[in-house]
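Counting from 1, the numbers follow the sequence of the chain as shown.
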Amino acid sequence: MSELILHHYPQSPFAEKARLMLGFKGLSWRSVMIPPVMPKPDLTALTGGYRRTPVLQIGADIYCDTALMARRLEREKATPALFPDGQEAVAAALAQFADQVLFQHGVAINFQPQGLAARFAGMPEEVVKGFVADRQALFTGGSASRLDTRVALSQWPALLGRLEQQLTRGKEFLLGDAPCIADFAHYHPLWFVAGNAAVADALKPYAAVQRWMKRIEDIGHGASSKLSAEEAIQIARQSDPETCHADRFASPGGLQSGQAVQVSAVDYGTDPVSGELVHEDAEEIVIRREDERAGLVQVHFPRYGFRVDAG
């Protein structure tokens with residue numbers, strides 16, 4: 001079995017979600033640090049252009065988006081379950097809402113003037129400008145747009161109030177006595193807010209939410225060890241992509257295995273990845289591509305939130 005390799009950086013909310021899922025599963029993993037802004041030549045050697053954080057590598061198979069990573073980790077180790085029996089659709093829907101809606105609110109609250117000043121305190125002006133320009137480019141060409149801070153602040157009491165009510169009256173976690181994918185998806189935007197002293201007071205009125213966050217934090221990140229980007233690329237080059245088992249899934253776009261395709265996110269970070277279609281099912285799209293550094297790799301995308309086109 002190939003090692004689990006996470007390409008990430010410490011401040012990324014979605015990377016924190018991935019780190020916690022690895023910890024929840026009790027898995028050991030290798031840690032590759034990537035830049036928070038473009039260019040990311042080592043990462044895109046593996047992904048073919050996908051630039052969002054984090055990325056999970058298993059040998060020559062590259063998994064994009066934490067929604068798909070969760071399903072791959074479920075295959076790696078079935079228990080404890082990220083998608084509880086009988087609640088799979090509810091857990092996935094709650095996670096999707098948090099990853100999209102709650103995350104945008106967390107980002108908007110962080111990027112108030114005082115939040116930006118605190119997050120980039122002591123950094124050179126060109127670093128701050130570079131980060132802002134990178135994030136503006138990230139939201140170019142997709143269906144998502146940056147949420148206005150005033151709207152985020154106005155809607156925050158509704159989002160947090162609902163969580164507070166449930167966590168006060170219900171179980172210790174969102175869907176019962178054990179955490180699941182819904183908890184990790186709701187946690188990471190709030191972790192992003194809590195980590196910025198200039199805006200962390202946005203969580204202060206919600207005592208039950210804060211206690212729940214401490215329970216999630218206590219799960220930890222599992223056992224990790226450092227790996228260089230070059231070593232990760234060499235692992236991909238020396239590995240064979242996994243075999244995707246054929247099924248009777250009918251491609252919604254009428255695409256055929258072996259066809260040249262492009263896959264891209266629909267909301268933000270829409271850089272297309274080109275390759276040969278290997279596999280489609282209800283949750284996943286897999287393409288094969290050749291890279292001069294990484295060799296033959298397979299890049300895996302979730303179906304929801306991504307598009308696949310001939311070409």
May I ask you to check whether [X] and [Y] show a side-chain donor-acceptor distance below 3.5 Å?
{"X": "Asp309", "Y": "Gln262", "answer": "no"}
{"X": "Arg72", "Y": "His300", "answer": "no"}
{"X": "Gln57", "Y": "His7", "answer": "yes"}

(message) With a 4.0 Å cut-off on N to O distance, would you call Asp134 and Arg51 a salt bridge?
(response)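 The answer is yes: the pair qualifies as a salt bridge.
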(message) Under a 4.0 Å threshold between the charged nitrogen and the carboxylate oxygen, would Arg303 count as salt-bridged to Asp281?
(response)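 No, no charged N to carboxylate O under 4.0 Å.
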(message) Surrounding CD of Gln256 (heavy atoms of other residues, nucleotides or ligands, distance under 6.0 Å), is the total greater than 12?
(response) no
(message) Checking ring-ring contact (aromatic ring centres under 6.0 Å, His included) between Phe14 and each of Phe103, Phe192, Tyr187, which is the one that passes?
(response) Phe103
hydrophobic_cluster_shared for [Y] and [X], side chain cutoff 4.5 Å:
{"X": "Leu160", "Y": "Phe97", "value": "yes"}
{"X": "Trp212", "Y": "Tyr206", "value": "yes"}
{"X": "Trp29", "Y": "Val32", "value": "no"}

(message) Pair Glu284, Phe249 - check side chain to side chain contact (heavy atoms under 4.5 Å, CB included), show working.
(response) CA-CA 11 Å; Glu284 188 175 15; Phe249 181 80; over 6 Å; no
(request) Evaluate side chain to side chain contact (heavy atoms under 4.5 Å, CB included) for Trp191 paired with Lys17, printing each intermediate quantity in order. (result) CA-CA 10 Å; Trp191 169 86; Lys17 177 188 173 187; over 6 Å; no
(request) Would you indicate whether the side-chain heavy atoms of Glu74 and Lys25 approach each other to under 4.5 Å? (result)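 Yes - at least one pair of side-chain heavy atoms lies under 4.5 Å apart.
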(message) Quick check: do Ile235 and Ser2 have side-chain heavy atoms less than 4.5 Å from each other?
(response)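 With C-beta onward as the side chain, the pair stays apart.
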(request) Please determine which of Arg215, Lys214, Met213 meets the side-chain contact (heavy atoms from CB on, under 4.5 Å) test together with Arg211. (result) Arg215
(request) Start with the C-alpha distance between Asp183 and Ile216, add both sets of side-chain angles, then the distance that settles side chain to side chain contact (heavy atoms under 4.5 Å, CB included), and finish with yes or no. (result) CA-CA 8 Å; Asp183 292 276; Ile216 300 293; 3.8 Å; yes
(message) Check whether Tyr268 forms a cation-pi arrangement with Arg146 (NZ or CZ under 6.0 Å from the six-membered ring centre, at most 45° off the ring normal).
(response) no
(request) Could you tell me whether a side-chain N or O of Glu88 sits under 3.5 Å from a main-chain N or O of Gly86, the two making a donor and an acceptor? (result) yes
(message) Using a 4.5 Å cut-off between side-chain heavy atoms of Ile, Leu, Val, Met, Phe, Trp and Tyr, which other residues end up in the same hydrophobic cluster as Val273?
(response)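 The other cluster members (ILVMFWY side chains, heavy atoms under 4.5 Å, direct or chained) are Tyr9, Ile34, Leu43, Leu46, Tyr50, Val55, Ile62, Ile233, Leu255, Val261, Val263, Leu277, Ile285, Ile287, Val297, Val299, Phe301, Phe306, Val308.
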(request) Mind checking side chain to side chain contact (heavy atoms under 4.5 Å, CB included) for Pro80 and listing every partner two or more places apart, or none if nothing turns up? (result)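 Listed in chain order: Phe24.
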